[in-house]
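Heads up, the thing below is written out as structure tokens.
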Amino acid sequence: MILILLGAPGAGKGTQAEALATATGAAHIATGDLFRAEIAAGSALGLEAKSFIDAGKLVPDAVTIGMISSRLAEPDARNRVILDGFPRNVEQAEALDAALAHSARTATAILLEVDRDALVARISGRRICSGCSRSYHLTKNPPKHEGTCDACGGALTMRSDDAPETVAARMTNQLAALDDVIAFYRASSRLQVVDGEGEIGEVGVRLARAAAAVGLHE
Ligand code: ADP
Ligand code: AMP
């Protein structure tokens, strides 16, 4: 099955998806991480995506859908997948359904609901690992050793699109499309809502329960 983790920028999708994937053995696939890896590698796809990401806009569907289709065809993505950051609009949601129509797999969504004011505080303290992409927070989820990833020892950096002006653009450009995606899954009775407020561990317990209820794990 494919579990889609929906939420606004900074809602905790990456943090929770990583923990849930580790606990359940599902693959964690995050389109933002895939784009950042392409940018770091200096690929043509990365170059094209970068201008949109830096402007706080969605990368065009043709690029994004092509990239995620290739990733979903890899061996580790054949069974259970947690999708983080995709779909971001209705066109992408429809493309995912169309791709799954020829397989026995189904896609169902869980929304991590977080108050808008909390998002900016979360994003401003976010640091990510340049090696494995793990997400930290300066005060809410700090690494054991300052500036260093607990998991792989990589250097922690601030995302360029977490600068305040780009965060504002992301909220303006992306939240309406998120509402449409939420409505899309709700209309087909494939949406669960989980309260994303509170400590990371508490949210994780609520999410794991909801993920079990939709069949990701026992
Ligand atoms: P998303 O992938 O949805 O953009 P992240 O998982 O990267 O969000 O989380 C955004 C920031 O908020 C990170 O710095 C993360 O450590 C922090 N964070 C995640 N969940 C919580 C929470 N429940 N309470 C406080 N901070 C959180
Ligand atoms: P994220 O790491 O999920 O916050 O994504 C970072 C940025 O990558 C977003 O602000 C978008 O510019 C781009 N991006 C990530 N996922 C998608 C997607 N599914 N469709 C279009 N753009 C995306």
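No experiment lies behind these values; they were computed from the predicted model shown. Position 1 is the first residue of the sequence, and the numbers go up from there. In listed order, ligands and their atoms are each counted from 1.
Using a 4.0 angstrom heavy-atom cutoff, Ile200 counts as in contact with ligand 1. Within the structure, ligand 1 lacks Gly85 among the residues with a heavy atom less than 4.0 angstrom away. Taking a 4.0 Å cut-off on heavy atoms, Gly7 fails to register as neighbouring ligand 1. Residue contacts with ligand 2 include Arg159, since one or more of its heavy atoms lies under 4.0 Å from the ligand.
In this structure, NZ in Lys144 is found 4.5 Å from CG in Asp150, a value given to the nearest 0.5 Å.
Protein heavy atom at the shortest distance from atom 2 (O) of ligand 1 is Gly14 N, 2.8 Å.
Residue-to-ligand polar distances place Arg126 within reach of ligand 1: an N/O pair is separated by less than 3.5 Å.
Within the 4.0 Å heavy-atom criterion, the part of Asp161 lying near ligand 2 is the side chain and not the backbone. Proximity of Lys57 to ligand 2, defined as any heavy-atom pair under 4.0 Å, is confined to the backbone N, CA, C and O atoms. Residue contacts with ligand 2 for Thr64 involve side-chain atoms from C-beta outward but no N, CA, C or O (heavy atoms, distance under 4.0 Å).
Nearest to atom 26 (N) of ligand 1 by heavy-atom distance, out of Glu199, Lys140, Arg159, is Lys140. Closest heavy-atom approach to atom 6 (O) of ligand 1 among the candidates Thr15, Leu5, Leu138, Asp33: Thr15. Comparing Gly12, Gly204, Gly198 by heavy-atom distance to atom 23 (N) of ligand 1, the nearest is Gly198. For atom 27 (C) of ligand 1, the choice among Arg122, His137, Glu202, Gln16 with the nearest heavy atom turns out to be Arg122. The heavy atom nearest to atom 20 (N) of ligand 2, considering only Arg170, Lys50, Gln174, Gln92, is found in Gln92.
In this structure, Glu113 places its CD atom where only 12 or fewer heavy-atom neighbours from other residues, nucleotides or ligands lie under 6.0 Å away.
Listed by atom number, the atoms of ligand 1 under 4.0 Å from Tyr136 heavy atoms are 13 (C), 14 (O), 16 (O).
Residues Asp179 and Arg186 are not paired through a salt bridge, judged by the lack of any N-O separation under 4.0 Å between the basic side chain and the carboxylate. Looking at Asp180 and Arg88, no side-chain N of the basic residue comes within less than 4.0 Å of a carboxylate O on the acidic one, giving no salt bridge. Ion pairing between a basic and an acidic side chain is recognised when a charged N comes within 4.0 Å of a carboxylate O; Arg126 and Asp161 show no such pairing.
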